[in-house]
Amino acid sequence: MNKKNTESGSGNSYTLIDNKTNKKYELPTQDGTDGPSVIDIRKIYAETGCFTFDPGFTSTASCDSKITYIDGEAGILRYRGYPIQELAEKSDYLEVCYLLLHGELPNATEKDEFVHNITYHTMLDERILFFFRGFPRAAHPMAVICGTVGALSAFYHDNLDIYDPRQRMIASHRLIAKLPTIAAMAYKYSLGQPFIYPRNELSYCANFLRMMFAVPCEDYKSNPVLARALDKIFILHADHEQNASTSTVRLAGSTGANPFACVSAGIASLWGPAHGGANEAVLNMLHEIGSKDRVPEFVKRAKDKNDPFRLMGFGHRVYKNYDPRAAVLRSSAHEVLEDLGVKNEPLLELAIELERIALEDDYFVEKKLFPNVDFYSGIILKALGIPTSMFTVMFALGRTVGWIAQWNEMIADPEQKIGRPRQLYSGATERAFVPIEKR
Ligand code: CMC
């Protein structure tokens with residue numbers, strides 16, 4: 001069957017024509033509130049006997065969502081309608097968490113109650129602390145948090161009915177609250193230092209920085225500028241519609257699985273260098289480049305088809321314009337370094353030079369490869385004293401709310417079905433078994 005898309009007279013459906021039989025199939029379209037319409041192909045297999053083929057899902061809308069809107073061509077990102085730049089400037093991370101989960105910004109009472117709920121769920125069951133001791137000290141922290149978050153399902157399984165919205169919300173609070181505690185403890189374990197327990201009088205980010213950097217033998221004073229910079233990073237990473245890790249959480253959750261186990265699957269998906277692992281890869285790349293005069297050599301390598309090297313922190317599946325998150329973090333990086341009194345930070349200078357050369361280069365211009373969020377987040381995280389191996393963990397902390405908000409939306413969706421893609425089979429056709437002595 002050849003596909004020939006012609007817009008039908010009504011303008012709200014497409015006609016698919018089988019060129020062999022001339023049979024026509026009407027495919028209705030659905031309009032969203034913003035962004036491209038979708039062609040509804042749910043009945044296409046039943047009617048035509050064909051599947052659609054879209055490896056990497058570049059043309060597939062996997063769900064109907066009200067949470068996050070991206071226009072990659074225009075460089076727009078909005079959570080529940082609010083532009084990311086405004087949220088980064090005027091809101092704070094926990095308020096954004098409430099917005100993503102509930103659909104509206106909280107009033108003052110709702111916000112107090114939400115902050116209280118998160119604050120009072122930050123402690124871990126003491127038995128979880130023993131899990132850390134089973135990991136090698138040099139284990140990558142993403143491996144540790146993936147395992148430990150998955151293990152939370154053992155603690156919160158039997159008393160969780162995922163079809164009860166209130167119980168889903170409690171699970172959501174637990175995840176947002178406990179992730180920083182787990183992440184900081186994973187770091188402390190890697191150093192061989194005592195775990196630092198959460199403090200309820202501190203803000204979400206100040207508490208996290210304290211759990212990361214305090215030691216029991218002296219007082220720790222958190223720096224509000226650094227806590228605010230971290231808060232901004234979390235806001236910018238909080239959700240990004242149906243990216244690889246979120247789709248992983250939705251797919252795992254579509255079976256009715258435990259949400260802590262689903263988020264653990266999302267963490268595994270985030271870890272890869274093409275996704276959340278890129279912020280760590282950016283720093284490693286900047287170290288490898290070493291000095292400004294070597295930038296052209298690396299740009300040349302990135303353009304070479306026979307060299308697998310890519311400029312980490314450049315390009316995005318969706319943004320074919322400047323990543324709006326990168327624009328916010330670019331100025332935040334300067335603010336943080338200024339506040340810390342870091343003059344002429346060589347890595348930042350190197351990053352700016354790399355950005356300048358790449359943005360002027362025909363290859364990057366033609367392919368619309370702009371710096372993405374990971375390009376600048378790594379620089380800020382480094383300035384905050386976060387070790388490189390923890391960078392992707394920072395992404396996971398910020399994204400937890402997005403994963404769980406999307407999971408909530410999916411479970412509450414009456415049209416929700418188990419995610420079960422099909423395939424184009426190109427393997428061997430039926431053949432007879434060959435006994436081992438004849439192979
Ligand atoms: N350096 C050099 N060339 C690149 C790069 C890069 N960073 N990114 C894409 N290209 C080229 C690629 O070789 C291809 O060229 P051609 O058309 O000649 O074959 C073209 O640009 C399109 O690339 P693609 O891989 O087909 O694009 P994609 O949409 O599948 O991949 C990406 C998007 C993010 C995986 C890719 O740009 C990449 O690997 N970037 C570096 C890793 C990175 O920074 N990832 C973080 C993404 S942002 C955080 C997040 O949201 O997870």
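No experiment lies behind these values; they were computed from the predicted model shown. Side chains included, hydrogens not; waters and symmetry mates left out as well; all remaining heavy atoms used. Read the numbers this way: they start at 1 and go in the same order the structure lists the ligands and their atoms.
A donor atom on one side chain and an acceptor atom on the other are not found under 3.5 Å apart for Y69 and R78. Judged by distance alone, the side chains of T29 and N12 never bring a donor and an acceptor atom under 3.5 Å apart.
With contacts defined as side-chain heavy-atom distances shorter than 4.5 Å, the pair F208/M394 qualifies.
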If you look only at distance, which donor and acceptor atoms sit under 3.5 Å apart when one is on a side chain in residues 179-192 and the other is two or more places apart or in another chain?
unit_1 : atom_1 : unit_2 : atom_2 : d
T181   : OG1    : T122   : O      : 2.7
K188   : NZ     : Q193   : OE1    : 2.6
K188   : NZ     : M212   : O      : 3.0
K188   : NZ     : A214   : O      : 2.8
Y189   : OH     : R133   : O      : 3.3
Y189   : OH     : F135   : O      : 2.7
S190   : OG     : Y187   : O      : 2.6

Contacts under 3.5 angstrom, residues 377-392 side chains, donor-acceptor by atom type, not counting sequence neighbours:
unit_1 : atom_1 : unit_2 : atom_2 : d
S377   : OG     : V373   : O      : 3.4
T392   : OG1    : G276   : O      : 3.3
T392   : OG1    : N279   : OD1    : 3.3

Go ahead and list the nitrogen or oxygen contacts between ligand 1 and the protein that come in under 3.5 Å, distances to 0.1 Å, or just say none.
unit_1   : atom_1 : unit_2 : atom_2 : d
ligand 1 : 1 (N)  : L311   : N      : 3.1
ligand 1 : 3 (N)  : Y363   : OH     : 3.0
ligand 1 : 7 (N)  : L311   : O      : 2.7
ligand 1 : 7 (N)  : F314   : O      : 3.0
ligand 1 : 13 (O) : R310   : NH2    : 3.3
ligand 1 : 18 (O) : K305   : NZ     : 2.8
ligand 1 : 18 (O) : K367   : NZ     : 2.8
ligand 1 : 19 (O) : K305   : NZ     : 3.3
ligand 1 : 25 (O) : R310   : NH1    : 3.1
ligand 1 : 25 (O) : R310   : NH2    : 3.0
ligand 1 : 29 (O) : R317   : NE     : 2.9
ligand 1 : 30 (O) : R317   : NE     : 3.4
ligand 1 : 30 (O) : R317   : NH2    : 3.0
ligand 1 : 39 (O) : R310   : NH1    : 2.8
ligand 1 : 40 (N) : F314   : O      : 3.0
ligand 1 : 44 (O) : G313   : N      : 2.8
ligand 1 : 44 (O) : N372   : ND2    : 2.9
ligand 1 : 45 (N) : A274   : O      : 3.4
ligand 1 : 51 (O) : H316   : NE2    : 3.2
ligand 1 : 52 (O) : H275   : ND1    : 2.5

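For Y120, the ring-ring contact (aromatic ring centres under 6.0 Å, His included) partners at least two apart in sequence or on another chain are H116.
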